[in-house]
Amino acid sequence: VEGRLGAAAALDPSNLHLESFVHAAGAAIVASRAFGLDKAQTTAALGLSLLQPGRTSWPAFLSGEGKLLLAAQGAPQGVIAADMAAGGMH
């Protein structure tokens, strides 16, 4: 899922380095499977994970741990989205 989503959105001049939404989507799918969610709940989790994608400025991304933090913030976001979908949010 992450690869297909990234390929579809690869028009960004930063080569998707600033787009952590792909990690949030992947985490939502994995967490949905781990939680035993059905197709409708998994779809809701995927949509919820994409509501607040992480983003940073280019200078912050290039300095310090910006790249690592941006990539890592998608994982808990996806798990939270799956948890919300399991609770009935869509």
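Numbering starts at 1 and runs along the sequence shown.
- For the residue pair M84 and L48, the shortest heavy atom distance occurs at CB-CD1, 4.0 Å.
- Here A45 pairs with A28, S32, A82, A85 under the side chain to side chain contact (heavy atoms under 4.5 Å, CB included) rule; sequence neighbours left out.
- Between the NE2 atom in H23 and the CD atom in Q73 there is a gap of 10.0 Å [rounded to 0.5 Å].
- A search for side chain to side chain contact (heavy atoms under 4.5 Å, CB included) contacts involving I29 returns V1, T42, L46, not counting sequence neighbours.
- As a member of the Ile/Leu/Val/Met/Phe/Trp/Tyr network built from side-chain separations under 4.5 Å, F35 groups with L37, V79.
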